[in-house]
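Below, chain A is the first sequence line, B the second, and so on; all start at residue 1.
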Amino acid sequence: MMFEVASWNVNSLKVRLPQVLDWLSKRPATLLGLQELKQVNEAVDIEKIEQAGYRILANGQKTYNGVAWIYPQNWSEPTDVITDIPGFDDPQRRVLAASFGSLRAINLYVVNGEAVGSEKFEYKLAWLNALHDWLASEIAAHEQLVVLGDFNIAPEDRDVHDPQAWAGKVLCSEPERNALEKIIALGLVDSFRLFEQPEQSFSWWDYRAAAFRRNHGLRIDLILLSQTLAKKATAAGIDIEPRQWPRPSDHAPAWVELNQAQPAA
DNA sequence: ATGGTAGTTAAACTA
């Protein structure tokens with residue numbers, strides 16, 4: 001009675017949909033959060049997804065951003081869908097919360113932030129601050145909560161291939177890490193660290209400079225669990241195989257296995 | 001080495 005929750009920044013769903021369905025074909029009972037769709041909902045190839053036995057709930061945007069849940073066809077329809085941080089005015093599609101039975105699932109594409117001190121960096125911190133306040137109420141309301149996505153923050157130095165080179169830089173800087181710590185301190189657990197992991201485990205590698213071949217990566221794709229769900233986690237990891245496929249996303253999928261009946265299966 | 005690559009969209013923007 002297990003299922004899996006996973007997170008994958010696909011950097012264009014149009015390009016990567018075949019890879020997504022290929023990846024899911026080997027792990028059928030999976031709730032998959034996608035980021036960087038780079039397409040509007042109307043452009044998503046729903047037929048291909050349904051042929052593979054899945055459904056999609058999307059919050060898309062043209063060219064940039066966009067998030068979605070892909071869930072098994074035999075699950076009941078998601079409810080209580082939220083597509084924005086409440087009260088935070090933002091034209092960018094970065095948030096998708098939905099309930100699958102008693103499972104509350106929040107999918108995030110956190111602002112990248114460009115460079116410490118930039119305008120986009122200030123937007124990132126404001127966004128994270130608003131996220132924190134919203135998640136406080138979500139955690140209070142839902143015992144079984146998963147918050148996942150591309151956080152664009154490496155939580156600790158062990159999540160960075162060269163901590164000295166990245167020290168103080170965007171994705172690793174203190175203000176970002178503090179904001180993430182504050183969110184986790186609301187009562188969430190980084191599922192990846194519940195289990196022993198290989199050193200130098202990363203989820204994102206720059207396309208440039210042969211970064212993947214040299215494992216010059218960062219772990220910025222996270223699956224955070226509420227205390228109740230953390231107790232049900234039986235394994236977690238990052239699957240680097242799709243990063244080795246032709247024409248890959250620059251991110252690899254992160255996953256966690258939960259010892260629990262599938263929502264409304 | 002302030003480079004390099006990838007996606008979208010049509011020269012520039014974002015990552």
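- Between A:Glu176 and A:Lys124 a salt bridge is recorded (basic side-chain N to carboxylate O distance below 4.0 Å).
- When the nucleotides B:dT8, B:dT5, B:dT9 are ranked by their closest atom to the side chain of A:Lys62, B:dT9 comes out on top.
- Nucleotides B:dG4 and B:dT14, compared at atom C1', are 16 Å apart to the nearest Å.
- Stacking of A:Arg27 on the aromatic ring of A:Trp255 is recorded, both the 6.0 Å distance cut-off and the 45° axial limit being met.
- One interatomic measurement links the two molecules: CG of A:Asn65 to P of B:dT14, which rounds to 10 Å at whole-angstrom precision.
- Applying the 4.0 Å criterion to OP1 and OP2 of B:dT9, one finds that A:Lys38 has every side-chain N and O outside that range.
- Within 4.0 Å of A:Tyr109, counting heavy atoms only, lie sugar-phosphate atoms of the nucleic acid but no base atom.
- Taking atom P on both nucleotides, B:dG3 is separated from B:dC13 by 16 Å, rounded to a whole Å.
- Note on A:Arg94: only backbone sugar-phosphate atoms sit closer than 4.0 angstrom, heavy atoms only; bases stay farther off.
- Note that NE2 of A:His132 is 7.0 Å distant from CD1 of A:Ile183, once rounded to the nearest 0.5 Å.
- When the side-chain nitrogen and oxygen atoms of A:Ser249 are compared with OP1 and OP2 of B:dA6, none of them lie within a distance under 4.0 Å.
- Look at CD on A:Gln19: it is 13 Å from C1' on B:dA6, rounded to the nearest Å.
- Mapping A:Lys14 and A:Lys120 onto DNA chain B by nearest heavy atom places A:Lys14 closer to the 5' end of the strand.
- Here the P atom of nucleotide B:dA15 and the CG atom of A:Asn11 are 11 Å apart, to the nearest Å.
- If you measure from atom CD of A:Gln92 to atom P of B:dC13, you get 15 Å, rounded to the nearest angstrom.
- Distance from the side chain of A:Tyr64 is smallest for B:dT14 among the nucleotides B:dA15, B:dT14, B:dT8.
- Rounded to whole Å, atom P of B:dT5 lies 10 Å from atom CG of A:Asp206.
- Checked for salt-bridge contact, A:Arg55 and A:Glu77 meet the test: a charged N lies under 4.0 Å from a carboxylate O.
- Rounded to whole Å, atom C1' of B:dA6 lies 18 Å from atom CH2 of A:Trp245.
- Using a 30° and 60° split on the angle between ring planes, A:His161 and A:His216 fall in the parallel class, below 30°.
- Picking from B:dT8, B:dG7, B:dT5 the nucleotide with the shortest atom distance to the side chain of A:Thr63 gives B:dT8.
- Rounded to an integer number of Å, the gap from CZ of A:Phe121 to C1' of B:dA15 is 16 Å.
- Rounded to whole Å, the separation between the P atoms of B:dT2 and B:dA15 comes to 23 Å.
- The CD atom of A:Gln61 sits 15 Å away from the C1' atom of B:dT9 (whole-angstrom rounding).
- Comparing A:Arg16 and A:Asn152 against DNA chain B, the residue whose closest nucleotide sits nearer the 5' end is A:Arg16.
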